[in-house]
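Structure first, commentary second.
Read the numbers this way: they start at 1 and go in the same order the structure lists the ligands and their atoms.
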Amino acid sequence: MTEDRITLKRPDDWHLHLRDGAMMEGVLPHSANHFARAIIMPNLVPPVVTGADAIRYRDRILGALPEGAVFEPLMTLYLTQETDPADVRNAAESGLVKAVKLYPAGATTNSASGVHNFDGVRAVFETMAEIGLPLCVHGEVTRPEVDIFDREAIFIDEVLDPIRRATPGLRVVMEHITTSEAAAYASEGGSDLAATITVQHLMLDRNDMLVGGIRPHFYCLPILKRGTHRPALIKAATGGNPSFFLGTDSAPHATDTKENACGCAGCFTAPVALSCLAEVFDEAGALDRLEGFVSLNGPKYYGLPVNHEQITLERGAPIQFPEAIETDAGAVTVFNPDRPVHWRVL
Ligand code: NCD
Ligand code: ZN
């Protein structure tokens, strides 16, 4: 590694939205370009609920991969009030499914089928604890009276901690954490608890989204928080604790559905995620920890091998961000943090 070049084991993305159909065909190559594997979110319409749904979705993803691309979709099941523990067990034991996704009902895009009664899914949690299958958690309460900026911190105390106490051995990934409270909780949970962090939450806070005009392409859920939380997230990502790893939460929406009077939540970061992360780690003086965050900690938590291949990034003049990618489901605006990023993937 020289100062201006860094070579890493090929990264994985531990939280990715690929969608389906024409949108998936358009966005998939941008993840496959840089990432070897990704945990694929199941919030399609209708959601990926059963093992049989996951097989079909995986086959559609593999069928949409460009010629020569090597990319392994790691499938997840969308937990509903009706999820059958035996189906979860079979899907996990066959190697097909790598996690179950918990969306509190109504928390975010396409989450209407999510869980509203956590006691009602207890049998699924117990099966998962028994077989070591991780639960990926969208950690926000959804009670309408709770302020959107407080929803994550309250979820930890009201929902997550009670679930973990009631189900010893349940492995949990706190997804896309956005607060110092979540970073602190995740760092003290031992080897069963992990957290993913996105690019946008490491680079931006709510002022970036709201001061001087509203920037819909910075709107995602959980929402960007007060600036005081960002240093805690950077410290978690760059601090070398193996409980933290990358989940981009790259979440494509057609540009016209974001630049809209009621815009969709989600940042499409996949094409530029690694460049942005190298910038964040470089600024923090922690380039030597980038590989842990993007390539090593995730496989370790999931009990999967680290990738053999490598990827190299180079520092130079600020990179040109693509404005959008074209898909047959419309143009999708690419995340741009609106500040210089000097690292390009070779
Ligand atoms: C995601 C989406 O669009 O599916 N949106 C987002 O803002 N992150 C859903 C999610 O992960 O919350
Ligand atoms: Zn997501």
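Taking the six-membered ring where tryptophan is involved, the planes of Phe118 and Phe155 are perpendicular, since the angle between them exceeds 60° and thus also 30°.
Excluding waters, the set of protein N, O or S atoms lying under 2.8 Å from the Zn ion (ligand 2) comprises His15 NE2, His17 NE2, Asp249 OD1.
Ring centroid separation for the pair Trp14 and Tyr302 comes in under the 6.0 Å cut-off.
The ring pair (Phe, Tyr, Trp, His ring centres under 6.0 Å) test applied to Phe268 returns no partner, not counting sequence neighbours. Judged as a side-chain hydrogen bond (donor to acceptor under 3.5 Å, both in side chains), and not counting sequence neighbours, the contacts of Asn241 are Ser243.
One finds the CD1 atom of Ile154 at 11.5 Å from the OG1 atom of Thr142 (value rounded to the nearest 0.5 Å).
For the side-chain contact (heavy atoms from CB on, under 4.5 Å) criterion with Met128, the lone passing option out of Val172, Val121, Leu170 is Leu170.
Ion pairing of Arg143 with Glu158 is present here, as a side-chain N (NZ or NE/NH1/NH2) and a carboxylate O approach within less than 4.0 Å.
In terms of modelled atom types and a separation under 3.5 Å, the side chain of Lys258 and the main chain of Pro216 share a donor-acceptor contact.
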I'd like a table of the close N/O pairs between ligand 1 and the protein (anything under 3.5 Å), one pair per line with both atom names and the distance.
unit_1: ligand 1; atom_1: 3 (O); unit_2: Arg19; atom_2: NH2; d: 2.8
unit_1: ligand 1; atom_1: 3 (O); unit_2: Thr109; atom_2: OG1; d: 3.2
unit_1: ligand 1; atom_1: 3 (O); unit_2: His253; atom_2: NE2; d: 2.8
unit_1: ligand 1; atom_1: 3 (O); unit_2: Ala265; atom_2: O; d: 3.1
unit_1: ligand 1; atom_1: 4 (O); unit_2: His17; atom_2: ND1; d: 3.3
unit_1: ligand 1; atom_1: 4 (O); unit_2: Arg19; atom_2: NH1; d: 2.9
unit_1: ligand 1; atom_1: 4 (O); unit_2: Arg19; atom_2: NH2; d: 3.4
unit_1: ligand 1; atom_1: 4 (O); unit_2: Asn43; atom_2: ND2; d: 2.8
unit_1: ligand 1; atom_1: 5 (N); unit_2: Ala265; atom_2: O; d: 3.1
unit_1: ligand 1; atom_1: 7 (O); unit_2: Leu221; atom_2: N; d: 2.7
unit_1: ligand 1; atom_1: 7 (O); unit_2: Ala265; atom_2: O; d: 3.3
unit_1: ligand 1; atom_1: 7 (O); unit_2: Gly266; atom_2: N; d: 3.2
unit_1: ligand 1; atom_1: 8 (N); unit_2: Leu221; atom_2: O; d: 3.0
unit_1: ligand 1; atom_1: 8 (N); unit_2: Asp249; atom_2: OD1; d: 3.4
unit_1: ligand 1; atom_1: 8 (N); unit_2: Asp249; atom_2: OD2; d: 2.7
unit_1: ligand 1; atom_1: 11 (O); unit_2: His17; atom_2: NE2; d: 3.0
unit_1: ligand 1; atom_1: 11 (O); unit_2: Asp249; atom_2: OD1; d: 3.2
unit_1: ligand 1; atom_1: 12 (O); unit_2: Thr108; atom_2: OG1; d: 2.7
unit_1: ligand 1; atom_1: 12 (O); unit_2: His138; atom_2: ND1; d: 3.4

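Cation-pi geometry between Arg289 and Phe244 is not satisfied (NZ or CZ under 6.0 Å from the ring centre, within 45° of the ring normal).
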